[in-house]
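This report concerns only the one structure given below.
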Amino acid sequence: MSDPKDYKATLRLPQTSFPMKANLREREPEILATWQQGRIYDRMLTAAAAGGGAPFVFHDGPPYANGHIHHGHILNKVLKDIVVKMRNMQGRPTAYRPGWDCHGLPIEHAVEKEIGRDAARADPSGLRKKCRVFARKWVDSQRAEFERLGVFGTWDDPYLTMTHDYEALTLREFGRFVGRGAVYQGRKPVLWCHVCETALADAEVEYKDAASPSIYVKFPFTASVGERVPELAGCKGAVVIWTTTPWTLPSNLAISFDPDAIYVAVEMDGEALVVAAALQEAFFAAIGRPELGEAPAIASFPGRTLDRAACRHPFIDRDSLLIVGEHVTMDTGTGCVHTAPGFGEDDFIVGARYGLEAYAPVNAQGRFTSEVPEFAGRVVFDCDDDVVAMLKDRGMLLGHSRFSHAYPHCWRSKNPVIFRATPQWFIGVDTPFTPDTTPEAPARTLRQGAQAAIEDVQFIPAWGRDRIAGMLKSRPDWCVSRQRHWGVPIAAVTCSDCGTVTTTQELIDHVATIFEAEGADAWFDRELADLLPPGFACPSCGGANLDKSRDILDVWFDSGVSYAAVMEAAHGLGTRTDLYLEGSDQHRGWFQSSLLASVGTRGQAPYRAVLTHGFVVDGTGRKLSKSEGNYIDPNKIIDANGADLLRLWTAAEDYRDDIRLSQEILNRLVEAYRKIRNTFRFMLGVVPDFDPDVDALALDAMLPQDRWALVRFGEVVGRVRKAYDAYEFHAVVRTILDFLVTDLSAFTLDITKDRLYCGRPDGVERRSAQTAVWRILDGCLRLMAPVLSFTVEEAWSHFRRPSGAPDSVFLARLPEASDYPVDATLAATMTAFLGVRDVVLKALEEARAAKVIGHPLAASVTIRVQAGTEAEQAARFFESALPELFVVSRVRLEAVAALGVDAPATAEVAAIEGARCARCWNYAESVGTDPRHDDLCARCADVLETLPE
RNA sequence: GGGCCUGUAGCUCAGACGGCUAGAGCACACGCCUGAUAAGCGUGGGGUCGGCAGUUCGAUUCUGCCCAGGCCCA
């Protein structure tokens, strides 16, 4: 007789070339290369289309082509990729054409820094060419980073908002708004540096502490005040405002009140002063009359009472309208807010509601124009003291001090900036119109149209609709012009004879045609005469002395028309896409600009569904920032653990809320990843000699416990598919992981080891287990492919597939629940049985603790169940398999009339007597009964006889 | 300050017309195994369901306020 160890060679122990160590850092790039060489993305689309399923139209929101990608990009792109792969694997061909937003200030800013401001100003065309190169560089960089994540798409043919055709289309879409009369030229306050003589973007200002004058000013009542508030009829008095910019007082057109707040009129020195009740005390203290802080009011009324009444301007011969606005706050001042629509954003918005003009008698150098004769020609900041003096002379000044606060300064000149109303182009949201595409529809405004359109959109999560609706409700007209160079120029001309500024759809279409051939650079490079339609003249005076407009379009307009540029124009995929998927900041950004662009021209939303995800935050829920030290470099994660870990992270977290990222979370995910990988590996290891075409057993030939595994997996498949359809990827991961851990690793795979290792290689017992494992592995791989793309593809390449199965998992379909048996009776029996099993496992643990046994195969178990219960029925059903199901050597089952405990069963564990089979390690009475193998059980002896030497 | 949203064990997630001792996986502790081995199996501990009020016979689940955090505005 030989050494017992030799029997190991007679077992079918797990064997696979799929390595335990993932080493994704090296392996993922190899897999990427095979995808590229095999054109797997293209073939995936073809395979999906083969089933005749309806295409799913998905449209990528373009990231900004500047800088390396960060976690937010990763989250977003991987979510999109999961959608694309999942849909294709459902048989719905889903193309993914990534895009980039290429125009705009940040790039222009960066290039300007590089070449210097003077050079940029002197040669806009040269600046644009450098911007184009800069954007292209980052497109290439980000593309490589996105591809490394395993994201499928037409990376060799992305859409860029700076290509000729895109620029032309952007302008044409703008022309459609012009054509229907929705575009007007108006004025709007923008941040302005009077030293640089230029408009600034928010990103170009720095806030620094500065001391400003702080003054309280009286605006005397007109008779209208007494008409609204009877107590004040015929009474001498004034509304009191507070400001830190005295120079804006000549431009005051109104005073804003909080409509709901209570205001009081308090007598001081024979005069009624109106301030907010909440600020009465602070106000009188500030002007040195604290004794009036709690003085009784002559009158008390909500702000709305004074709506559209008027006061007199303190030193100019005109009225100041009393209005209400929600921007009024009660933290400082008097609650009565000085409103100069030409010099403040809030002022402008609230003023527009009352039809007040953006009055701004200040030129580009920051000097008053002749409209303000007292100060004409002087820089506004230098006039503060004189304004104060003038107020004092007229008895309109109530208090004067210095006030230190954060004030915006120009990033370049370091001078304080002002808001200044400048000419801009607007798309009116309250102008009624009829969309081009549905001329028969009744006219309505862009606002109304957009509000109606989102009713027909599915929002995931549902509150997205409320959020957009809230913004639509209060949004002002869309200011679409910018005083910049890097963008799509607004094709407009100024008549040097009469000063009229003109743009028409005809002009725009003509220019757009030139852009198609030469790009928007043509506007800068060519003479105006070359750009105009033949015979074009000033529509106002007929003059031909025209100048080019130097404004460009808001980049949100560029990306807002991407649905038209990409889906309609390029792919012919119709005017409405199935899904937009972006971060929740895009409710104000791209979701809204796209909505307005589409509703304004086509009368409908550009999307059928909008999915939003939250932002990436750290382990405690705070935003990530490099200065806070809570930033984890994504490249380090990829280097250490592979892109699949980031894909798993993306999928495993519930993106509807903010998504947390921390080292602990990554560590947990690494554990989960290992579990998944090891389980795949084990399953691959037990089926290397299983040919699904010839070795698979029919369901009724399988052992019931194996059949149950398929029933159970069918439930998992159903749940996972439902989760995919609802875009609940964290439920996908959770469902699969729980199944893998609980049902497979700890049960099915554990209990079938004996049959898989020791059973006759082609015997029914072994083939039954292999059939279950093979089918579950096959299904699991396909289910997980959209998430763990690299790992699954790797596993798939080590997996023995049926003949004719595709070589890439992405050419396969997701499994369907109907691929697996449904057997409610078997499922219920197993559920009852698992209750009994828990009792046995606990008893085994106690026996282990008491040193009665070590390995469970050394145990003999006696279980008692109550007669007539589900537990008895289940135990009887599995009676012959009980040792296997408990992984013990012997089980005695007894049914008793009364169990006496509140449990489905009781169990007693004893150390087993007898001999242990040297091959399968079971203690069996049959050991030694076969004379040819005196150290083996009967089963193993039989098996050994059938094995070739 | 406003709009929208979030807050259940160390981590990721379930849950509930308001009603039994609030669940799972991981992590942790202890133990077993050494024929999934930089693996595998078992058992166990752990939560005043962000806080405070209110409605109710009863609230983690409904309402209000507060605190913490996020996005977008201001």
Side-chain angles (χ1 to χ4, degrees), chain A residues 5 7-16 20-21 258 325-331 345-346 349 461 463-471 473-475 583-589 592 612-624 648-649 651-654 656-660 662-672 674-675 677-686 728 730-731 733-742 745-747 749-751 753-754 756-758 837-838 840-851 853-858 887 919-921:
Chain A
K5 276 185 183 172
Y7 287 116
K8 191 164 177 177
T10 73
L11 301 173
R12 294 289 173 115
L13 294 176
Q15 193 178 22
T16 174
M20 176 179 277
K21 187 167 172 8
D258 180 332
E326 61 279 1
H327 65 293
V328 176
T329 60
M330 294 295 157
D331 45 354
E345 195 151 27
D346 279 334
I349 292 167
W463 49 258
R465 179 183 289 109
D466 295 338
R467 189 157 175 195
I468 286 200
M471 292 171 178
K473 196 173 166 192
S474 59
R475 72 154 296 147
S584 63
D585 55 333
Q586 300 304 333
H587 286 109
R588 174 156 288 271
Q592 189 166 172
T612 50
H613 58 252
F615 274 62
V616 182
V617 294
D618 74 6
T620 63
R622 276 158 211 278
K623 68 171 78 177
L624 292 180
L648 186 60
W649 165 72
E653 304 256 331
D654 185 351
R656 291 168 297 198
D657 198 356
D658 288 325
I659 297 90
R660 295 186 179 212
S662 67
Q663 198 52 55
E664 176 174 12
I665 290 170
L666 289 172
N667 292 345
R668 292 294 89 80
L669 286 168
V670 167
E671 296 299 322
R674 283 206 191 117
K675 184 69 189 182
R677 187 175 180 95
N678 271 325
T679 306
F680 284 172
R681 179 168 184 268
F682 180 75
M683 289 197 280
L684 284 167
V686 297
E728 290 175 357
H730 68 285
V733 172
R734 177 148 303 282
T735 303
I736 294 175
L737 195 58
D738 281 358
F739 171 74
L740 238 45
V741 170
T742 311
S745 190
F747 185 59
L749 298 180
D750 207 36
I751 64 165
K753 278 176 195 164
D754 178 73
L756 288 165
Y757 296 175
C758 311
R837 186 170 184 262
D838 283 341
V840 174
L841 292 178
K842 198 167 288 189
L844 285 169
E845 183 62 26
E846 282 160 13
R848 240 192 311 269
K851 308 283 181 199
I853 57 161
H855 194 284
L857 282 180
V887 199
R919 182 167 177 272
C920 71
W921 298 348

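Just so we're on the same page: letters track the sequence lines, and every chain starts at 1. The figures that follow rest on heavy atoms only: side chains count, while hydrogens, waters and symmetry mates do not.
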At less than 4.0 Å, is any side-chain N or O atom of A:K851 found next to OP1 or OP2 of B:G31? Yes or no.
no
Any idea which heavy atoms bring A:L11 and A:C758 closest together, and the distance?
CD2-SG, 3.7 Å
Taking only the side-chain nitrogens and oxygens of A:H587, find out if one of them lies under 4.0 Å from OP1 or OP2 of B:C73.
no
Its contact letters, B for base, S for sugar-phosphate only and - for none at protein heavy atoms under 4.0 Å, make nucleotides 2-8 of chain B read -BSSS--
Check nucleotides 44-46 of chain B against the protein and report each pair of N or O atoms closer than 3.5 Å, with its distance, or say if there are none.
from, atom 1, to, atom 2, distance (Å)
B:G44, OP1, A:K842, NZ, 3.1

Does a side-chain N or O of A:K675 approach OP1 or OP2 of B:C41 to a distance below 4.0 Å, or not?
yes
Could a donor-acceptor pair under 3.5 angstrom be found where the side chain of A:T620 meets the base of B:A68?
no
Starting from the 5' end of RNA chain B, give me the residue, A:D658 or A:N678, whose nearest nucleotide shows up first.
A:N678
What nucleotide, of B:A38, B:U12, B:C32, holds the atom closest to the side chain of A:M20?
B:A38
Winner on side-chain proximity to A:R668, out of B:A39, B:C11, B:G42, is B:C11
On a plain distance test, is the side chain of A:K21 in donor-acceptor contact with the base of B:A38 below 3.5 Å?
no
What does A:N667 touch in the nucleic acid at a heavy-atom separation under 4.0 angstrom: a base, only the sugar-phosphate, or nothing?
nothing
Would you call A:R668 and A:E671 a salt bridge, using N to O less than 4.0 angstrom?
no
Apply side-chain contact (heavy atoms from CB on, under 4.5 Å) to residues A:H587 and A:W463 and explain how you reach the verdict.
CA-CA 11 Å; A:H587 286 109; A:W463 49 258; 3.9 Å; yes
From the set B:A27, B:G70, B:G31, return the single nucleotide nearest to any side-chain atom of A:V617.
B:G70
List RNA chain B stems (3 or more consecutive Watson-Crick/G-U pairs, under 3.5 Å)?
B:1-7 with B:67-73, B:10-13 with B:23-26, B:28-32 with B:40-44, B:50-54 with B:62-66
Given B:G10, B:C71, B:C33, the nucleotide with the shortest approach to the side chain of A:K623
B:C71
Among B:A14, B:U12, B:G70, the one nearest A:R622 by side-chain distance
B:G70
Cationic N near anionic O, under 4.0 Å, A:D750 to A:K753:
yes
Does a side-chain N or O from A:K753 land closer than 4.0 Å to OP1 or OP2 of B:A36, or not?
yes
Expressed in whole Å, how much space separates the P atoms belonging to B:U12 and B:C52?
23 Å
Identify which nucleotide among B:C41, B:C13, B:G70 has an atom closest to any side-chain atom of A:D654, counting heavy atoms from C-beta outward.
B:C13
Measuring to OP1 and OP2 of B:G35, would you say a side-chain N or O of A:Y7 lies under 4.0 angstrom away?
no
